[in-house]
Structures are given as structure tokens and as C-alpha cells.
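Heads up: the structure comes next, in C-alpha cells.
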Amino acid sequence: MINSNVNALGIIFPNSYDNWVPELVTERSMASIPFAGRYRMVDFILSSMVNCGIDNISLPVRKNYHSLMDHLGSGREWDLTRKNGGLNIVPPFAEKGVKVYDGRVEALASILTFLKSQKEKYVVMADANIAVNFDFKALINAHVASGADVTVVYAEQEVPAAMMAAPTESKEMYYTLDLDGSKVTRIRINTKDEGIRNVGMNISIIDRELLIDLISVAYVHGYIYFERDVLAHQLDKLNVQAYKFEGYFARICDMKSYFNENMKLLDDANLDGLFASNPVYTKIRDDNPTRYIAGAKAKNIMAADGCVIEGDVENSILFRGVKVGKGAKVKNCVLMQDTVIEDGAVVEYVITDKKVTITAGKEVKGTDSYQVFVAKNKTV
């Protein structure tokens, strides 16, 4: 783990885009959604910050934060257990000025006192709906070299269909950028334009003192969203630069994208793109290696520790502690922690939440275009 400090603090917004995956966030936030066998979505941005020397990281949470607090704990796995800085989870109503928020302006306004008391020059902000191994040190260096007031990160891609399908008035907004060179000339909100666009990744860096000034004014005016209500209207006054990200990332914007992005990791190229450059840390669960009992068959799977496989598994993601019984068949599935597929059961194109049981002899099948989801603790 890299311990060389950089002159920046990090803020991660754990509840952004919760509404895009309502099935997965009934008891958790976007940040604590399980992903890639043994991780949570927050692990990727949090680890990326730590790997680049950012050791003062805050997470202002809005709701359903028990799962996140249980996962992160004191921040020990990320080397963030320290007297000064470290990991700071801010629940609503933790202090008099902290409340339930809608957008980044309200979230940041609730921790303004904290921001004013810090010493770092820059603030790096990110959402938790994107799994990416991101080089924040390169972003900080580019920001400083350009002399920008704000630098926002984007990727060249088509706007995902699930994002375009979101209603214009939705609280969960996405942004595309019009550029003149690297300067942002316009921020488009929830655009329906097709083709390759500069799609924002909701990662940005800004001078801490400037952020405090902008949020103080915006909050008084009743603004809610930082990009829409603050940046978009001050592009003529602020030097907003764009930073292009060209690596691999997984964006979660609906249940189908959640399924697809997990399944993409069965391709070694995608797996290397997400994990090869720097380590991704997560909560440790001491368990045995996966066991394949005599007669088991496994083809093209990702199985975390603690799994026991007696049946046939193909093209699937198995989280920690999954059990597949004798004669059971699992194909094209994402099975979360401690799921049990009993003897003779057949599951295909299924997403199970944690501690689900598919009883013996049952058949549960979805399709490539519509996966069946089984909620946490349910027995089928």
C-alpha cells in the first residue's frame, strides 16, 4: 500500500444512483452493493484513493448505511485507522447541521464545518456506482498543471441505454460534456443524443477553499446538484477542464448492467483491466478455499473463497460461501454471499442476493435480456 500523502482529501457519495437499482438497495446503499465475487462497489474508488496517498476520506451517507458501516468498519483494511484524517463516515443527523440530502450541494453543505477545518488544498469527489482502478495522482497532477479551477473526469462512450431511459425529471442525473480542447464549454444533463459522447464519470477535483465558497453560495440559493446548479451555470467564470479516462471501468445503472458488468469479468482482459494496475482492498472474511467435490464440473466461473461445489457451474460469478449441491446446475448466474443451491436444482440467468436458498429440485430460469432476481434471505 502506498503511504506517500498527496495534498488532497477525498469525498465519496455512497447513495448516488440508488434509484437505478431499487432491488439491490432495499437494505443497503449503492456503495455497499456486492460486486466481482468478494468486493463492494465502494472498494474500488476507496482503494484507488488510498493507493494514490489520499488518507483523509469522508463518506456522507443518506440512508441504508448500516451495511456500509459494517463493511468499512474503522477502515483497517484500507490503512485508514488513524487519529488524524483516515475514514470518516457521516450519517444523517450525526451533528446538528448534518441532514438527509438529495444532491451534492446539500451533502457538502452538511459537512462545511468539517471542510473548513481541514488542511488539504484539494478535494477529490466521486460517486460509488462505478467500479474502476483509477489513478488519482495522475488526475491531481493534470489538474495542477492545467491551472484549472475544477477538473472533471469523462470517458468517451455511448450513453448507456438504461441511463437514457431515465425520465428527464429524475433525481438521478447523468452528464455529458461539450469540449473545446480540454476545456468544458457546456454540461448537458440527461441528454438523449445517440453516438459517442463525453460521458461524465462523476469524478472531479477542486480547490478546497473554492469548493467551500461555491457551496456556501449555492446552498443559500436553494441549489441541490453541484454539476447542474453550480458548474453548468458558471462555465464562463470558472476554468473547468476535462480529464479523459481510457482504462477499464464498470458502470452500474440498472439490474441488467449489474449482471452484465459482473459477467464481463469472466473475460481475462476485463479482469486485468480492473485489477491488474493496483490492489483493491476489501473486508477480510477468513474462510477456506473453494472446494470442488468429486463429480463437480466448473467451466468459466469466478468463485470466491468458502464456496463448496458439488454440481455443475458454468459462466457464473459465485460470491463467498456459495454452496452448489449434488446434481444442481448453475449457468449464467450471479450468486451473492452464502447462497445455497440445493441438490438437483436448476438455475439459469438468476441473480440472488445474500443468504438465498433455492430448494432441491426447483427450476428458476431467466433470460439473457431479463434476469430473475431473488431478494435477500428468501427461500424459493
Side-chain angles (χ1 to χ4, degrees), residues 21-28 32-41 67 70-71 131 250 252 254-268 270-271 282-380:
V21 282
E23 300 92 337
L24 295 175
V25 296
T26 54
E27 298 181 26
R28 60 168 73 92
S32 55
I33 290 176
F35 186 76
R38 61 193 298 265
Y39 302 91
R40 303 295 182 104
M41 289 297 294
S67 173
D70 177 69
H71 177 69
I252 307 304
D254 66 350
M255 286 297 291
K256 182 167 175 52
S257 67
Y258 174 78
F259 177 81
N260 290 342
E261 295 299 343
N262 270 285
M263 298 300 282
K264 284 180 182 178
L265 297 179
L266 295 175
D267 184 327
D268 288 344
N270 296 333
L271 192 66
T282 191
K283 181 181 179 180
I284 295 172
R285 168 173 157 166
D286 294 324
D287 214 332
N288 297 316
T290 290
R291 289 184 290 155
Y292 299 86
I293 308 303
K297 295 180 181 179
K299 180 181 178 182
N300 194 33
I301 73 168
M302 176 189 290
D305 48 308
C307 295
V308 179
I309 300 174
E310 296 184 75
D312 297 352
V313 185
E314 182 179 352
N315 296 334
S316 295
I317 307 290
L318 276 54
F319 286 70
R320 291 164 164 167
V322 170
K323 292 178 172 56
V324 179
K326 188 174 183 179
K329 297 184 183 299
V330 176
K331 186 176 181 180
N332 300 319
C333 292
V334 177
L335 308 180
M336 292 190 200
Q337 185 172 308
D338 297 322
T339 290
V340 177
I341 310 298
E342 293 187 348
D343 294 354
V346 177
V347 291
E348 188 170 351
Y349 289 108
V350 171
I351 303 170
T352 65
D353 209 318
K354 296 170 64 176
K355 299 181 180 179
V356 164
T357 299
I358 308 296
T359 55
K362 291 292 195 308
E363 288 193 14
V364 184
K365 293 185 178 182
T367 66
D368 181 49
S369 58
Y370 185 83
Q371 295 78 40
V372 174
F373 174 73
V374 185
K376 185 177 179 181
N377 294 321
K378 297 297 183 182
T379 299
V380 178

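By the side-chain contact (heavy atoms from CB on, under 4.5 Å) test, V21 pairs with L24, V25, M30, I33, I252, M255, sequence neighbours left out. Checked against side-chain contact (heavy atoms from CB on, under 4.5 Å), A375 has the following partners two or more places apart in sequence or in another chain: F373, K378. Every side-chain contact (heavy atoms from CB on, under 4.5 Å) that N377 has, sequence neighbours left out, goes to K355. By the salt bridge (charged side-chain N to carboxylate O under 4.0 Å, His left out) test, K283 pairs with D70, sequence neighbours left out. Considering only residues two or more places apart in sequence or on other chains, E23 meets the salt bridge (charged side-chain N to carboxylate O under 4.0 Å, His left out) condition with none of them. Every residue two or more places apart in sequence or in another chain that forms a side chain to side chain donor-acceptor pair (under 3.5 Å) with T359 is listed here: K362. Take R40 and apply the salt bridge (charged side-chain N to carboxylate O under 4.0 Å, His left out) test, not counting sequence neighbours, and it matches no residue. Shown here are the side-chain contact (heavy atoms from CB on, under 4.5 Å) partners of D305, two or more places apart in sequence or in another chain: R38, D287, R320. For E310, the salt bridge (charged side-chain N to carboxylate O under 4.0 Å, His left out) criterion is met by no residue, not counting sequence neighbours.
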Between side-chain atoms of residues 290-300 and protein atoms elsewhere (two or more places apart, or another chain), which donor-acceptor pairs fall under 3.5 Å?
residue, atom, partner, partner atom, Å
T290, OG1, A304, O, 2.5
N300, ND2, N315, OD1, 2.8

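For residues 331-346, the set of pairs meeting the side-chain hydrogen bond (donor to acceptor under 3.5 Å, both in side chains) definition, not counting sequence neighbours, comprises R285-D338, N332-Y349, T339-T352. Counting only residues at least two apart or on different chains, the salt bridge (Lys or Arg N to Asp or Glu O under 4.0 Å) pairs with a member in residues 256-268 are E261-K264.
Counting heavy atoms from C-beta on, the side chains of R28 and K354 come closer than 4.5 Å.
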